[in-house]
J.: 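Structure in structure tokens, see below.
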2 protein chains.
Amino acid sequence: MNSKTKHDLSASQEDYLEAIYNLTIQNEVARSKDIATALGVAKPSVTGALRMLSEKKLVNYKPYGYVTLTPQGRRQAKAVAEKHKIIKSFFVDILGVEKTTAGVAACKAEHALGPQIIDRLLAFSEFVSQNSIDGDGLAKKFNKYWKQCDINNRSQGKS
Amino acid sequence: MNSKTKHDLSASQEDYLEAIYNLTIQNEVARSKDIATALGVAKPSVTGALRMLSEKKLVNYKPYGYVTLTPQGRRQAKAVAEKHKIIKSFFVDILGVEKTTAGVAACKAEHALGPQIIDRLLAFSEFVSQNSIDGDGLAKKFNKYWKQCDINNRSQGKS
DNA sequence: TAATATAGTTAGTTAAGCCTAACTTTGCAA
DNA sequence: TTGCAAAGTTAGGCTTAACTAACTATATTA
């Protein structure tokens, strides 16, 4: 359809957008410094990224000014942030992965998974939360199963 | 432990390794041309990648010669290929995603997920296959659940 | 309001990973 | 055995995304 309005963003650009989104939720406005800190990059990298995103009409950016998202940008940022949440939640709440590990992986995976998979993953997480076997929720049941497996794998020391 | 022997590969390098691995399974040996075709890149890109991987002792490479994996390389390639398989299988067999879509996504996600998550994901897939509710396997049960959701979402036209 | 610290930008560099065009090597067939 | 097509490499260039060093703008505060 209108593939003209659907900017294709790089993983890096999505990361910037997401960071700005998260900062503006907390602080109303995003400062260049905080974006740099959030993403672990140097300040000039942020300046460059903001110029890019500004050209794509995704952020409101004037040199030395605060940064906000355009409606377009907010929409795309929100989509990325939601992917992140859905993936992380699957890792933590269903697979039982430790939060930090899950967050780091979600940060990378969110750029790899398209809407078809994300939609199904979300539905699946709901499905799992809503069903039980022998009175145990499925996630809990899997956790027991995992612990069984884990006994046999423990020697490998994979953290 | 010995983090010295554990070369950190880029996503691209892992892709090359995986392609070579798949080709050597089928053909005993990998040709530069076929690697290029498999990855959809131009021939000179392959030459460059092979030099890199050769420096890291992951492939046996002599200009104008066939390409094989070193034991090191085979180990790492196998790990990537297994990740791919585990992720794709989860997408297809459990989430019910179409094979091609699942394969493409797995190709990207395989670089994002570490062993902790992969191990748990594999165990989870096994767990799902081994359990039923009301006589339906969990995957089948989810499929029914999904179709219900899908009725409500169909208007959005997300492919 | 002037000094100074903090924030932000500019300029220039690097590295990865891709590309095309042009060249070389290899292997097969006449 | 020579000559041609296919495979592979070299050279050079582009883009993205990062970096450091040095400069400029802003804001704080004395």
Side-chain angles (χ1 to χ4, degrees), chain A residues 7-20 23-24 26-69 73 76-77 80 104 107-108 110-112, chain B residues 7-20 23-24 26-69 73 76-77 80 104 107-108 110-112:
Chain A
H7 300 287
D8 255 9
L9 299 178
S10 67
S12 162
Q13 288 167 343
E14 288 189 349
D15 283 336
Y16 280 102
L17 225 46
E18 188 184 9
I20 295 166
L23 285 168
T24 50
Q26 297 164 350
N27 311 337
E28 197 74 18
V29 117
R31 291 185 317 163
S32 195
K33 181 72 187 315
D34 296 331
I35 301 169
T37 303
L39 294 177
V41 300
K43 291 178 293 167
S45 306
V46 176
T47 305
L50 289 178
R51 247 205 301 266
M52 270 257 122
L53 294 172
S54 176
E55 269 168 32
K56 300 196 175 191
K57 309 282 183 198
L58 299 174
V59 303
N60 301 114
Y61 167 66
K62 276 289 170 67
Y64 297 104
Y66 289 131
V67 179
T68 55
L69 292 165
Q76 297 209 210
V80 177
V104 172
C107 248
K108 296 179 192 165
E110 72 198 15
H111 310 297
Chain B
H7 301 285
D8 255 9
L9 299 177
S10 68
S12 163
Q13 288 167 342
E14 287 188 351
D15 284 335
Y16 279 102
L17 225 46
E18 188 184 10
I20 295 165
L23 284 168
T24 50
Q26 299 164 350
N27 311 338
E28 197 74 20
V29 116
R31 291 185 318 162
S32 195
K33 180 73 187 316
D34 298 330
I35 300 169
T37 303
L39 294 177
V41 299
K43 292 178 292 169
S45 305
V46 177
T47 305
L50 290 177
R51 245 206 303 266
M52 270 259 120
L53 294 172
S54 175
E55 269 168 31
K56 298 197 175 189
K57 308 283 182 200
L58 299 174
V59 302
N60 301 116
Y61 168 66
K62 277 285 171 66
Y64 297 103
Y66 289 132
V67 180
T68 54
L69 292 165
Q76 296 209 209
V80 176
V104 173
C107 248
K108 296 179 192 166
E110 73 198 15
H111 311 296

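Just so it is clear: chains get the letters A, B, ... in the order the sequence lines come, proteins before strands, and each one is counted from 1.
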J.: Taking only the side-chain nitrogens and oxygens of T47(B), find out if one of them lies under 4.0 Å from OP1 or OP2 of dT10(D).
T.: no

J.: Between atom NZ in K62(A) and atom P in dT26(D), what is the gap in whole Å?
T.: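 From K62(A) NZ to dT26(D) P: 13 Å.
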
J.: To the nearest Å, how far apart are I35(B) CD1 and dG8(D) P?
T.: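 So the two atoms are 8 Å apart, to the nearest Å.
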
J.: Contact between K43(B) and T47(B) at the side-chain level, heavy atoms closer than 4.5 Å - yes or no?
T.: no

J.: Are more than 12 heavy atoms, taken from residues, nucleotides or ligands other than Q26(A), located less than 6.0 Å from that residue's CD atom?
T.: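 Yes, enclosed.
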
J.: When the distance from CD of E55(A) to C1' of dA17(D) is rounded to whole Å, what number comes out?
T.: 15 Å

J.: If you only use heavy atoms from C-beta on, which nucleotide in dT9(C), dA7(C), dG17(C) is closest to the side chain of S10(B)?
T.: dG17(C)

J.: Between C1' on dT15(D) and CD on Q13(A), what's the gap in Å once rounded to a whole number?
T.: 12 Å

J.: Between R31(A) and dT6(C), is there a side-chain N or O to OP1/OP2 distance below 4.0 Å?
T.: no

J.: Nearest-nucleotide wise, let me know which of Y64(A) and M52(A) is further upstream toward the 5' end of DNA chain D.
T.: M52(A)

J.: Distance check needed: dA7(C) P versus L50(A) CG, whole Å only.
T.: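 Those two atoms, CG and P, are 16 Å apart.
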
J.: Rounded to the nearest 0.5 Å, what separates atom NZ in K56(B) from atom CG in D8(B)?
T.: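 Here the rounded value is 7.5 Å.
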
J.: Restricting to non-hydrogen atoms, name the atom on A30(A) and the atom on T24(A) that form the minimum distance, rounded to 0.1 Å.
T.: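 Looking at all heavy atoms of both residues, the shortest contact is N-CG2, 3.9 Å.
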
J.: Protein-nucleotides 18-22 of chain C N/O pairs closer than 3.5 Å?
T.:
from    : atom 1 : to     : atom 2 : distance (Å)
dC18(C) : OP2    : S12(B) : OG     : 3.3
dC18(C) : OP2    : Y16(B) : OH     : 3.2
dC19(C) : OP2    : A42(B) : N      : 2.7
dC19(C) : OP2    : S45(B) : OG     : 2.7

J.: Quick one: D15(B) CG to dG17(C) P, roughly how many Å, whole number?
T.: 10 Å

J.: Under 4.0 Å, heavy atoms only, any strand: does Y66(A) hit a base, just the sugar-phosphate, or nothing?
T.: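 The residue Y66(A) makes no contact with any strand.
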
J.: Determine whether V46(A) and Y16(A) make a side-chain contact, defined as any pair of heavy atoms from C-beta on separated by less than 4.5 Å.
T.: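 When only atoms from C-beta onward are counted, Y16(A) and V46(A) do touch, with a gap below 4.5 Å.
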
J.: At 4.0 Å (heavy atoms only), tell me whether S32(A) reaches a base, stays on the sugar-phosphate, or touches nothing.
T.: sugar-phosphate

J.: Return the value, rounded to whole Å, for the distance between atom CG of N27(A) and atom P of dA7(C).
T.: 13 Å

J.: With side chain to side chain contact (heavy atoms under 4.5 Å, CB included) as the test, pick out the partner of L69(A) among L58(A), L17(A), L53(A), N60(A).
T.: L17(A)

J.: Where do L50(B) and I35(B) come nearest, in terms of heavy atoms and distance?
T.: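 Looking at all heavy atoms of both residues, the shortest contact is CD2-CD1, 4.4 Å.
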
J.: May I ask you to evaluate whether R51(A) reaches the phosphate of dT10(C), defined as a side-chain N or O under 4.0 Å from OP1 or OP2?
T.: yes

